[in-house]
Amino acid sequence: QVQLVESGGGLVQAGGSLRLSCAASGRTFSTYIMGWFRQAPGKEREFVSAIRWSGGITYYADSVKGRFTISRDNAKNTVALQMNSLKPEDTAVYYCAVLRFAKASGSYYYPSDADYWGQGTQVTVSS
């Protein structure tokens with residue numbers, strides 16, 4: 001069983017930055033493909049970003065490319081999402097997830113690709 005705990009959410013003005021962090025349990029964290037998803041009120045959960053085991057391959061939704069950066073620290077069992085130039089439309093609950101398999105570079109992940117989820121952290125961007 002894997003447990004994921006997100007932190008770092010909050011309220012920020014448009015144009016600002018936030019850094020989300022996800023701490024994972026499990027002795028084989030370095031083998032996990034880690035991802036971030038988000039869900040806004042009244043909308044379906046959507047993919048934001050993912051990162052492979054070594055961190056050498058990353059994935060981003062088009063809506064966040066150039067603004068968000070995903071990274072991981074396998075020694076600390078953590079994955080982070082640095083969010084810059086935030087927009088009101090980035091407002092959502094952000095979830096950390098362990099993904100089931102690696103996809104080709106540039107691919108998009110779906111919620112059904114995840115095996116484990118964190119409890120989520122709220123990000124609110126005011127205009």
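Just so it is clear, the structure is predicted and the values come from calculations on it, not from any experiment.
Side-chain contact between L4 and V2 is present, with at least one heavy-atom pair separated by less than 4.5 Å. Within the 4.5 Å cutoff, side-chain heavy atoms of V79 are placed close to those of I51. Residues Y32 and L99 are not in side-chain contact: their nearest non-hydrogen atoms beyond the backbone lie 4.5 Å or more apart. Taking 4.5 Å as the limit, some side-chain heavy atom of E6 sits within range of a side-chain heavy atom of W36. Contact check for V48 versus L81: side-chain heavy atoms found under the 4.5 Å cut-off. Between E46 and Y108, some side-chain heavy-atom pair lies under the 4.5 Å cut-off.
Under a cutoff of 6.0 Å and an axis angle of 45°, R45 and Y95 form a cation-pi pair.
Of the residues V93, V64, V123, T91, the one that meets the side chain to side chain contact (heavy atoms under 4.5 Å, CB included) test with R38 is V64.
For K87 (side chain) and A14 (main-chain N/O), no donor-acceptor pair under 3.5 Å exists by modelled atom type. In this structure, the side chain of N74 does not engage the main chain of S54 through any donor-acceptor pair within 3.5 Å.
Interatomic distance, S17 OG to M83 CE, rounded to the nearest 0.5 Å: 8.5 Å. The CZ atom of R52 lies 3.5 Å from the CD1 atom of I57; values are rounded to the nearest 0.5 Å. Between Q119 atom CD and C96 atom SG the span is 9.0 Å, to the nearest 0.5 Å.
Judged as a salt bridge (charged side-chain N to carboxylate O under 4.0 Å, His left out), the pairs with a partner in residues 114-127 (not counting sequence neighbours) are, in order, R100-D115. The salt bridge (charged side-chain N to carboxylate O under 4.0 Å, His left out) contacts involving residues 16-26 comprise nothing, where partners must be two or more places apart or lie in separate chains. Sorted by first and then second residue, the salt bridge (charged side-chain N to carboxylate O under 4.0 Å, His left out) pairs with a member in residues 63-78 read D62-K65, R67-D90; sequence neighbours excluded.
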| said: side-chain contact (heavy atoms from CB on, under 4.5 Å), that's the test. Do Q13 and V125 meet it? Break it down for me. | reply: CA-CA 5 Å; Q13 288 188 330; V125 184; over 6 Å; no
| task | Show your reasoning for whether side-chain contact (heavy atoms from CB on, under 4.5 Å) applies to V12 and T124. | result | CA-CA 6 Å; V12 64; T124 303; over 6 Å; no
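Linking Ile, Leu, Val, Met, Phe, Trp and Tyr whenever their side-chain heavy atoms come within less than 4.5 Å leaves I70 and W117 in two separate clusters. Note on Y60 and Y110: separate hydrophobic clusters, where clusters join Ile, Leu, Val, Met, Phe, Trp and Tyr whose side-chain heavy atoms are under 4.5 Å apart, directly or indirectly.
The distance between the ring centers of F47 and F37 falls below 6.0 angstrom.
The aromatic rings of Y59 and Y109 sit perpendicular to each other, their planes meeting at more than 60°, with 30° as the lower class boundary. A tilted orientation is assigned to the rings of F68 and Y94, their planes being inclined by 30° to 60°.
Taking a 6.0 Å sphere around CD of Q3, one finds it holds 12 or fewer heavy atoms contributed by other residues, nucleotides or ligands.
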